[in-house]
Amino acid sequence: MTALLEIRDLHASVGDKPILKGINLTINTGEVHAIMGPNGSGKSTMSYVLAGRDGYKVTGGDILMKGESLLEMEPDERARAGMFLAFQYPVELPGVGGMSFLRAAVNARRVEAGEEEIDQLGFVKIVREKAKLLGISDDMLKRAVNVGFSGGEKKRYEILQMALLEPSMAVLDETDSGLDVDALRIVSEGVNLLRDPGRAMLVITHYQRLLNHIVPDQVHILAGGKIRKSGGKELALEVEESGYAGIDDAA
Amino acid sequence: MAATTETIAQVEQATGKYKYGFVTDIESDKAPKGLNEDIVRFISAKKEEPEWMLEWRLKAFRRWLTMTAPDWAKLDIPPIDYQDSYYYSAPKQAEKLKSLDEVDPELLATYEKLGIPLNEQKMLANVAVDAVFDSVSVATTFREELSKAGVIFCPISEAIRDYPELVQRYMGSVIPVGDNYFAALNSAVFTDGSFVYIPKGVRCPMELSTYFRINEQNTGQFERTLIIAEDESYVSYLEGCTAPQRDENQLHAAVVELVAMTDAEIKYSTVQNWYPGDENGKGGIYNFVTKRGVCRGDRSKISWTQVETGSAITWKYPSCVLRGKDSVGEFYSVALTNNMQQADTGTKMIHIGEGSRSTIISKGISAGKSQNCYRGLVHMHPTAENARNFTQCDSLLVGDKCGAHTVPYIVSRNPSAKIEHEATTSRISEDQLFYCLQRGIGEEDAVSLIVNGFCKEVMKELPMEFAVEAQKLIGISLEGSVG
């Protein structure tokens, strides 16, 4: 087992407000970790800090992916290096055709890796194949990115992008929010198909129910900007029963 | 491939012909600097024009002397010294470029960015020295096929000699010599442009296209285009100004007139990429253009599509006079300004005919420190019973030092006319940008994607081959606008 992602004593602020206050976390290749926590615990901040979003300032510590620090890298460089974030609220890009968008993303990565850009015809074939598994219709692929998609469609589209970009580190930010039971099942199946010995995942969620479908190797409880407790998948059930209050007290 | 080779051969032949038309001594190809009646006479003589054409030019010149440049646009135009410019410069004799290595590498890089294939690059590299050359080449290349259909497509100077009755009947009928300051100037000193005539019932078998380029330093460019579509005919005309020029400020004052008869349709597309000046606003083209079409016949249609990315200053309002009953006018526009560019552009839809309809879709994008203004007039005359207009003006801001302005004028003299106007102003959101970045798309490509998405409604109106070029152009024009 080699460490794919190492977060070392990570401190981060939004504006002047410190949100993350010393996170330590190591995820090995092939592992799926879950981060659970109450609202305002810093879960979404953590996903944005990993992806390098503007306005999320690292004030201490380090993030290493495959042994290399991400801190000096721009968001697009991190993405091309293998970091993927499935958004909680995927944004609409009016007029931007889905296929051109997906192809631009895939080709950006291929160019970085010194590979040939993929042509349109070959690409359409690959996308259709992967889309089918996620129940994404051709019609949806023809539309502008996320425009007029339902909540469930948007989440499936995120997973489709993950399938196409084949990241080494995938962060799923509240992928279960806004999903009904059926949509949750489809999305989870999609994610499970992408579990791979060469890939690590970090699943961020408020609720335990997602973890019934995407079963994690480890669960961490985030509260007040720190990881308060770590354990196996059974920790999620514990939280479900006794809530986050007990965890906070324990810390 | 064979076709391309053939085209090049024909194009080379055409240049060969030109060699004899314009003497070898390059200096003598130029009229002396400055503008007076003698210069107008000089131009007319060089063009071997009939007397009536000279009289027409002189009338325009005398009119121009009494006029002043318009100052109502939201533009900061430095004073122009009209005496410090050449008004006639015959296409500089092209030193035939022996290989691509001799072409300005920057020029090559631009063509590469535009995705123009190598063979065409060779062709355009030669074209670049001569704007007339290209319109000749296109006409020459397809002349036989076009004439089979009865279509006339030739340089306007040739039309003045060969089809005087058509030119006399229509030139100035849409844009009279005294229409405005720049149109009057053009009427006096225009040197080239295209003439198109589509006979009754003919659907022009191919897209007609012309590439323009300003070649010489200190030279104004005044081209004039006249398109006549007889009853039940159709033509799609593309105008490209995609070759950049890296020089001082230069004036480009073109006039385009369109005439559509009963049931005729004219689709006129422009991709304008004159040199915009550098990031400090030095250099660039002053693009002061008058374009107007008249829908003379019932159910006739004129559609303007423009993608304006170049020029230091753009002053341009392609318009439709909807005289025919149930005639249709359309205006689809993307105007992109970056750095210190200024654009004041829009349209006029003049509704005279009963049941006439017009659609205006304008997308303005401002980046850098540029100023971008939509200015449009929708005028419903008392005769425009049940006429309709729909206008949508969207502005997109990139960065926080640019400006977007919308100035719609609406005049309705007929109570049954319906006019709708929608306008929005937005910014590229940080959310959208981050979403693209997170997928590995670089910042400039991301902005280009989002902006192209914003322009989609207009871009889809462009003929396919132009749409691809225009999309890339938008990306190129936005370079340096972020980060």
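Chain letters run A, B, ... following the sequence lines, proteins first, then strands; residues in each count from 1.
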Problem set entry | Segment of A:Y89 engaging chain B (4.5 angstrom heavy-atom cut-off) | neither

For this session: Return yes if a side-chain donor-acceptor contact under 3.5 Å exists between B:Y332 and B:E457, otherwise no.
Result: no

Exercise. Do you see a donor-acceptor pair shorter than 3.5 Å between the side chains of B:Q306 and B:K316?
Worked result: yes

Exercise. What part of A:N107 gets closer than 4.5 Å to chain B, counting heavy atoms only: side chain, backbone, both or neither?
Worked result: neither

Problem set entry | Heavy-atom proximity to chain B below 4.5 Å, by part of A:E92 | backbone

Exercise. Do we see a donor-acceptor contact under 3.5 Å between the side chains of B:E330 and B:T359?
Worked result: no

For this session: Side chain from CB out, backbone as N, CA, C, O: work out which of these in A:L165 comes under 4.5 Å of a heavy atom of chain B, or both, or neither.
Result: side chain

Problem set entry | Winner by heavy-atom pair count (cut-off under 4.5 Å) against chain B, out of A:R78, A:M83, A:E77 | A:M83

Problem set entry | A:E174 versus A:S44, side-chain donor and acceptor atoms under 3.5 Å | no

Exercise. Under 3.5 Å, is there a donor-acceptor pair between the A:S177 and A:K155 side chains?
Worked result: yes

Exercise. Side chain, backbone, both or neither: which part of A:V145 has a heavy atom under 4.5 Å from chain B?
Worked result: side chain

For this session: Pick one of side chain, backbone, both or neither for B:C436, based on which atoms fall under 4.5 Å of a heavy atom in chain A.
Result: both

Problem set entry | Parallel, tilted or perpendicular: rings of A:Y48 and B:F434 (30°, 60°) | perpendicular

Exercise. So, B:T391 and B:N389: side-chain donor and acceptor under 3.5 Å apart, yes or no?
Worked result: yes

For this session: Over 60° means perpendicular and under 30° means parallel, so classify the ring planes of B:Y435 and A:F101, tilted if in between.
Result: parallel

Problem set entry | chain A contact via B:D431 - which portion, at a heavy-atom distance below 4.5 Å | both

Problem set entry | Pair A:S69-A:D62, side-chain donor/acceptor within less than 3.5 Å | yes

Exercise. Given that the side chain runs from C-beta out, which part of A:R53 has a heavy atom under 4.5 Å from chain B: side chain, backbone, both or neither?
Worked result: both

Exercise. Considering only heavy atoms, which portion of A:P90 lies under 4.5 Å from any heavy atom of chain B: side chain, backbone, both, or neither?
Worked result: both

Problem set entry | Selection from A:G95, A:A108, A:A104, A:S100 maximising heavy-atom pairs under 4.5 Å formed with chain B | A:G95

For this session: Please flag which part of B:F454 lies under 4.5 Å from any non-hydrogen atom of chain A: side chain, backbone, both or neither.
Result: backbone

Problem set entry | Part of A:A144 within contact of chain B (heavy atom distance under 4.5 Å) | neither

Problem set entry | Residue selection (most heavy-atom pairs with chain B, distance under 4.5 Å) from A:G52, A:P75, A:G97 | A:P75

